[in-house]
Structures are given as C-alpha cells and as structure tokens.
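To find a chain, count down the sequence lines: A is the first, B the second, and so on, and within it residues start at 1. On a predicted model such as this, the values are computed, not experimentally measured, just so you know.
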Amino acid sequence: MSIQTILLTLVALLLFSYFLGRKRSLRSVKKGRGGDKLHSRPAYYGYMVALWAGIPAVIVLLLWTMFQSQIVTSLTVAGLPETMQAESQGGHGLVINEIMNLADSGMVAEKSDPTLKAAAEHYLRLRGISHQAIAVLALVAAVIGMLLGLRMVRPDTRARNVVERAIVWTMLGCAAIAILTTVGIVLSVLFESLRFFHAVPITDFLFGLTWSPQTALRADQVGSSGAFGAVPLFAGTMLISAIALAVAVPLGLMSAIYLSDYASPMMRAITKPVLEVLAGIPTVVYGFFAALTVAPFIRQAGEALGLDVASESALAAGLVMGIMLIPFISSLSDDALSAVPRAMRDGSLGLGATRSETIRKVLIPAALPGIVGGILLAASRAIGETMIVVMAAGLSANLTINPLEAVTTVTVQIVTLLTGDQEFDSPKTLAAFALGLGLFVITLLLNIVALKVIRRYREQYE
Amino acid sequence: MTATRDRIEATLRKRYRRERLFRFFGLVSLGISFLFLLILLFTIFRTGLPAFQQTWIKIDVDLDPAVLGVDRHASQDELFGANYAKAIKVSLRKIFPDAKGRKKKRGLKNLVSNSAPWQLRDAVMKHPDLIGTTHAFWFLAKDEVDVFMKGRIDRNLPESDRRLKDFQLAWIDKLLAEGRLEKRFNTTLFTAGDSREPEQAGVAGAIMGSFFTMLVTLLLSFPIGVAAAAYLEEFAPQNNRWVDFIEVNINNLAAVPSIIFGLLGLAVFINFFGVPRSTPLVGGLVLTLMTLPTIIIASRAAIKSVPPSIKQAAIGLGASPVQTLFHHTLPLAMPGILTGTIIGMAQALGETAPLLMIGMVAFVVDIPHGILDPATVMPVQVYLWSDSPERAFVERTSAAIIILLGFLVVMNSAAILLRRRFERKW
C-alpha cells in the first residue's frame, strides 16, 4: 500500500467518523430523557470524533516515517554475511547504497554479485512488509480512536471546547515552527561544522590566509593542499558589501528624503512603483545583468583610463548589489524619517531654517537610530546576498582591498563547494557548513542589533 | 537690529544655493535608480526578444528506401529504427554539391539541428507512404545559423574569430536566396524542457517545476502562516517569555540570508528526513520556511487592523474566541493576508540561492509531472543558462528572465489590485 493510498484512506475514514459523530450526537438527544440538549452544535461532535481518529493515526505515521528507513536498513545489514557486515560499517555505507541502488533500479545491474542481489531482494521484501505493516497499524489506530471518540459523544460532553482547544494548540504549534526553524538552522550548521573542525583546526579556519579547498585525492597530487583559511573570503565579502553600501546608503537615503519632502504627489505616484519594481526583481536577474553588462562596461572604462580591471571585479558586483539595496534602504529610511514628530520639523521651519537645513540638522539626527538600524539590516542582506556574487564575482580567493581585482565571497564558496558532485563527509563539503555558520552568526548579530535599535527608536517617539 | 538682518541676508543667498543643491542631489539619486531600471530592462529586452523567434530551414528530403533502409510497408518498429540522419545528409548534399572534404561535410551537417532526424522520424511514422517520394520539410536550424540570422554574428570578422566559416556563410546566403530560411515564432521555448542544444532548449520544464514548487509552498505556508499570526495576535498570553521568543525568532528569520535556508534544507530535509533531492517537494519545504516570516508579519498587521468593536460584538453575542476568529476576524482580514501571501510567493518564485543547495541545479530534460519528479525552477534555469558558453543561450537567458518577470508582474499587480479593491479604512 503506497503512502498516498494510506493518506487517502485515512481522509475517507476521518470524513466517515465526522458524520458518525454528528449523527450519534443528534441521536443521543432524541434518545435521552426529555428536555436534554446538546452542549455544542452537532458538527463539533463530528470534529471531535474525527480528531480522536486522526491524531493517533498521524502520530503512528510520523513515527514510522522517522524510523522506518533506519530499521529496514539495519535489518538488511543484519541479513548480510559476516564479512560484508564489517565492511558496511567501515565503508561509509557504500554497501548499503549499492543495495539500495540495486533495489531501486529494479535489479537491472548485471555485474553485481549474487550476495548483493539477494540482499537487495531482502531489502525490497522488508520494505514491502514495513509498508503493509504501517498501513494496517495506522488504520487500526484510526478505527480504535474513532470508537473511543464515539463513546465520548454524550449530550453533556463539551465537544466545542475540546475542538477549540485542539485548534488553539495547533495554532501554537504553527507559531512555534519559527523556533523550530531557528533551532534547525543552528543544529544543522553547528553539527556539520563541528565535524569539519575535527578535520581542520578551528584556528586555521578563522585566521588562515589561504583558501584552496581542493583536497588531495592521492597523496602525490600537485596543488591540492587543502588550505581552509577563511580570512580572504570574509575580507572579500566585506569589500563587496562595503562597495554596495557606499552606493546604496547615500542614494537610498536621498531618494527617501526627496520622496517624502520635495516630490509632488504626481511624482511620488510614479517613483514609488519604480522603487518597488527594483525591489521585486529577483537577484538572479541582477546577477545576470552584472555579468553581462556592468562588468564589461567597467572593464572597458578602466581600460580607457589605463587601469587594469579584472573581468570579475569586486566593483561590478558591489555596484549592482548597491542598486539592489537602494529600495530597501529607501523604504527603511522613509519609515524612520516619518516617525519623527511633526512638531520638531515645524519648529525648525518656523525658526526660519530652510528645508534642507531642517532635514540635515533636525530630522536626520532625530531619525539617526532608525536609519542606522536600516543600514545594519542592509549590511546583513549584502553579506548574505548570493546570486549576484555567484554570477559576477570571482572564484579565486584574493586577499586584497583593491575593488578592481576579483575577490570571492563566503556565499560564492558555499555554492561552489556544495553544487559539485561530492561525497558528503569530505572536509570540502563540510567546510561549506562552517562558512554557513560564520555567515549565520554575523548576520544574526547584525539583525539582532538592528532590530533592537529600530525598536527602541520607535518607542522613543511613541 | 539691522546688523543682524544684514548678517542673515548676507548668508541667505548661500543658504538658498545649498537648498537647491540638496534638492538636486535628491532628484539625482532618484534619477539614478530610474536610469538603472531602464538600462536593465532595455538590455534584457534587447537581448531577449530575438529568442522568441527561431530560424527554420527547408530541405527537400528524398525519402529513398535504399537510404532509409526501410520501405513503406515496414512496421512501426522498423520505421523507428530507420536511418533518417543519412537521408537528411544526402538531401543536404544535393542542395550543396560543392560540400567536399571532411571539414565542409561537417559544416554542412551543422546547418540543421541534431533534432532534425527525430523530427523526420515522427513525420514518416505518421505517414509511412511518404517513403519513396521527395518531400519538403522544415527543420530547426542549428543555433549558430539562428544567431547569424538575427544579426549577432559579424561577417566582417576574420574567419577564425567566427563560429561560422566563410563557406557556411555562402551556403546560408544561398539558402536565403532560395527562400529556404525562415524565422518563425519560437514555440520550442515554451514546450520543451532543458537541452544542451540551444535551439532545442525551452522553459516548459522550469515553469512546471516552479509551479509544483510554488504549489507546495503555498499549501504549507499559507495555513501555517495564518494560524501562527492568528495565535500571536489573538490567543498568545501577553508578556509571556515564550511568545516574545517566538516573535524575536520570526523577525530574525525574515532577515536570515536565504542561502542558510538552503543549508538547513540540505542537512535536515535531505540528509536527515530523506526527502528526495532536486524535487519540488524539498524545494517547496525550504521556500515555505523562507516565506513564513513574510506571511506571518503581513497577516498579523492585517488581523491587527480589524477593529476590536467587531470582535467584542461577536463575543458579546456569545461566540467563543475561536468562533470569533474564524467567523469574523479572519474573513475581514483576508484581503490583507492574501496581499502579504502573494508578495511572499513572488519572493519565493524569484528565489535561487537556497535551491542551488538542495540539488535543483541538476540538468533535467524531462518536464516534471509531480512534486516527486526531479525538477528545476525558473530562476535556477536562468542561472544555468547564463553559465552556458553558447551565444544562443545568452538570448535564451534573457528570454527566460522576461518570462519570469512577466509572472512576477502579474503576481504583484494582483496584490496591488487586491489591496486597492478590498482595502477598508475602518
């Protein structure tokens, strides 16, 4: 029985138990002593019975999905000859993989040896048994739950309260997914990073000045030192982010000021959508544009000035990223500026200051925490931005602050390390998680500080 | 008194000049954003629009049974295995008798796409009685011919710098003169999956992949997001440490780099739970986690804007809090919630980086038919094509971007329309 059939049967069963519960509740009033009334509307009794049927079945199904592959695999391994068992423990699950591939490909691989074939058959049989077992188990659990639920249908049962409590708990569960996601991120990144730091000392990673993640496949291979010093990557990230912010902060801030203080309503009606369109363009499009148009343009301009510009210069990626951030900074600065009380602005204007003087000497200082918070959020976005740098920045890790040279970033390296065909536990793939950990920690700190600053700023004027 | 006034008047001119300058800077910054958007759209459309047309070549194919190896009474299986490539080769040589030598013969073969034999096979299998006759067929031209026809290869360049050699250019001129070359609307782009050959590549696979991924994302993130928002707004105890923690988490997740979600998907969904790689299912799961904060934040704002008097009236008439939520608050907040959801989905549709981590960069030729088929999505297709060296892929990349932007414009307009139509000031 496939998982789809199980689910469909389960849904049918739930519908059935809903109607059963509803009907039983109505009957219980008619049968009951005169004047008896139901506590809740009949539909709630139906929902209640459906809940009784559904929850145990879902729990059984969840437990099964979590553990079935491990149980089936370990049973398959147990069925292997002694020598192979030892091998499968040492050989990184290679034997298991082979058996699974054989099973999934429908036994077509001809050169495989008979023990493996037998094991694959054994594996398939076990999997079939497990599927049937779960179908029976889940449905039995649902039926037992339904019968129990039906016994609860009495006129004085507070079915509505039961159902509503279940709904509120479900909603709480949905809200808690945010915590689960954070925990998931931290655990997954941390766990793999720790494995990486077993292979490469953490000090080498944090303070090493060379990054060349090619690990040697053979001992005598040339040029595959496997150096994992992350300093050039973080330096490159900072360089590109700094260029992006140098473009985005003045332009974004001035755009926000112009839009809120100078622009006519007509102009605002035109320009706001333009900024929204810029904000809505996918980053992959910016990346393509940077690689196709901006980078060659900068290279040619540099050549005309007699400068030597790399074709994947940090300047091109930073510039385009800066443009991408303009709407972001502009909208956050707009929020900050419009939170400044009207009285402050009017007071300054009333004293005879020009509009620009009011903005520069009153509004911006008053809104500074909000603006700084916005800039920090933009910096965190610039650091974590991936597609623009993947497509327009380089791959080689140069430790430089020259914006005309090619640098690489943390995100670029994560993508390069994880999109190749790698074995999952080589230091090369694990390094991506260590980089991810660094990225997560930096952006998390920036976000927390920024959100705190913005929040406190808002409270100041509320 | 006058002294002060003089002093002020003396500086006034300077202050006004500064005012004008400041204002000018503001205008310039806006202008730069404007200009950039224009340049971006202009380049994308200029490079991308030609990809909506494609060059076809007409060849009179002599369906000689001796060349094909089958006659018209052959079974479908035999017809399937017949030598169509040779028939096309022979017919091409008939048009260009001067093609002698290995280099020129190869150049001749490279005029038509290598899908031509399959095209011929399908036609012959449909009408086996064509065998033995000479019939004119239109075939897809090879990508280099296509690029040349669109004027993207300069024939004045030295021969060694061109993908097309002099003799090929002469042939193309001859074909043009005989009316054997024609540009038609490029349907392949919309009906085919990915391919290594530019002229056979299309975005249908990526569109279907995006569709299934978005379906999973919507089905998961909408109910979960609305439920979470409703809980936080209506049921969460005030000043509870856990609730505060949840809020901090949501706000932080909204600002976590998307690539981190990809790492999470790789480590948790693929390696721990064993969800199959490269599928819309795992892509949708990752994008769900990414869009949830957006939807939750927008839904909370929408729920908050429903006036308390309505809720109080419902409670006063005896409704329970849950009934109040489902019968009154949520329906009234729905336009705002839907707007936020559409914006979140538009973000998810354009997202690339996390999907690279979970294997959706694989080269997938088949068009996916479900959430468990290997697939790629539109922005990843853009990324993949932008990496290909062929000139013809550059214009196809831009065309894919145009299509992607089209979808985004539709979604965002829907959001704006919804907001305009149903926005209520209480």
Q. Does any heavy atom of chain B fall under 4.5 Å from the side chain of Leu187(A), the backbone, both, or neither of them?
A. neither
Q.
Tell me which of these, Leu356(B), Thr47(B), Leu263(B), has more heavy-atom pairs under 4.5 Å with chain A than the rest.
A. Leu263(B)
Q) Is there a salt bridge (Lys or Arg N to Asp or Glu O under 4.0 Å) between Glu19(B) and Arg15(B) once you walk through the steps? A) CA-CA 6 Å; Glu19(B) 167 76 26; Arg15(B) 285 173 59 200; over 6 Å; no
(Q) At a 4.5 Å cut-off on heavy atoms, which part of Ile326(A) comes close to chain B: side chain, backbone, both, or neither? (A) side chain
Q) Judged by modelled atom types alone, do Ser258(B) and Glu351(B) share a side-chain donor-acceptor pair under 3.5 Å? A) yes
Q | Atom group of Ile179(A) that falls short of 4.5 Å from chain B, counting heavy atoms | A | both
Q. With a 4.5 angstrom heavy-atom cut-off, which part of Leu275(A) approaches chain B: side chain, backbone, both or neither?
A. side chain
Q.
Among Ile224(B), Val268(B), Asn251(B), Leu349(B), which residue has the highest count of heavy-atom pairs closer than 4.5 Å to chain A?
A. Ile224(B)
Q) Checking heavy atoms, do the side chain of Thr293(A), its backbone, both or neither come under 4.5 Å from chain B? A) side chain
Q: Sort Leu405(B) into side chain, backbone, both or neither according to what part of it lies under 4.5 angstrom from a heavy atom of chain A.
A: side chain
Q) Between Val361(B), Leu292(B), Ile260(B), which residue shows the highest count of heavy-atom pairs closer than 4.5 Å to chain A? A) Ile260(B)
Q: Between chain A and each of Leu404(B), Leu253(B), Val380(B), Val248(B), count heavy-atom pairs under 4.5 Å; write down the option with the most.
A: Leu253(B)
(Q) Testing the 3.5 Å rule here: is there a donor-acceptor pair between the side chains of Glu357(A) and Thr354(A)? (A) yes
Q: Among Phe25(B), Phe235(B), Phe36(B), single out the residue with the greatest number of heavy-atom pairs under 4.5 Å to chain A.
A: Phe36(B)
Q. Considering only heavy atoms, which portion of Thr443(A) lies under 4.5 Å from any heavy atom of chain B: side chain, backbone, both, or neither?
A. side chain
Q) With a cut-off of under 6.0 Å to the ring centre and 45° to the axis, is Arg381(A) in cation-pi contact with Phe328(A)? A) yes
**Q.** Most chain B-contacting option - heavy-atom pairs closer than 4.5 Å, from Leu180(A), Thr271(A), Thr283(A), Leu377(A)
**A.** Thr271(A)
(Q) For the interface with chain B, which of Gly384(A), Pro282(A), Ser356(A) has the highest count of heavy-atom pairs at distances below 4.5 Å? (A) Ser356(A)
**Q.** Proximity breakdown for Asn252(B) and chain A, heavy-atom pairs closer than 4.5 Å
**A.** both
Q. Given that the side chain runs from C-beta out, which part of Phe288(A) has a heavy atom under 4.5 Å from chain B: side chain, backbone, both or neither?
A. side chain
**Q.** Atom group of Leu292(A) that falls short of 4.5 Å from chain B, counting heavy atoms
**A.** side chain
Q) Given a strict heavy-atom distance threshold of 4.5 Å, which part of Val163(A) is in contact with chain B: side chain, backbone, both, or neither? A) neither
Q: Answer with side chain, backbone, both or neither: which region of Ile414(A) has an atom nearer than 4.5 Å to a non-hydrogen atom of chain B?
A: both
Q: Please determine, among Thr386(A), Thr182(A), Ile323(A), the option with the most heavy-atom pairs under 4.5 Å with chain B.
A: Ile323(A)
Q) Looking only at atom types and distance, does a side-chain atom of Arg160(A) sit under 3.5 Å from a main-chain N or O of His39(A), one as donor and one as acceptor? A) no
Q: Check each atom of Tyr262(A) against the heavy atoms of chain B and say whether the ones under 4.5 Å are side chain, backbone, both or neither.
A: both
**Q.** Residue among Pro250(A), Ala450(A), Ala175(A), Ala432(A) with most heavy-atom pairs under 4.5 Å to chain B
**A.** Ala175(A)
Q | Contacting moiety of Leu451(A), where chain B heavy atoms sit under 4.5 Å | A | side chain
Q. After noting the C-alpha distance and the side-chain angles of Val382(B) and Thr352(B), does the key distance pass the side-chain contact (heavy atoms from CB on, under 4.5 Å) rule?
A. CA-CA 9 Å; Val382(B) 168; Thr352(B) 322; over 6 Å; no
**Q.** Among Phe273(B), Phe34(B), Phe261(B), residue most engaged with chain A (heavy-atom pairs, under 4.5 Å)
**A.** Phe34(B)
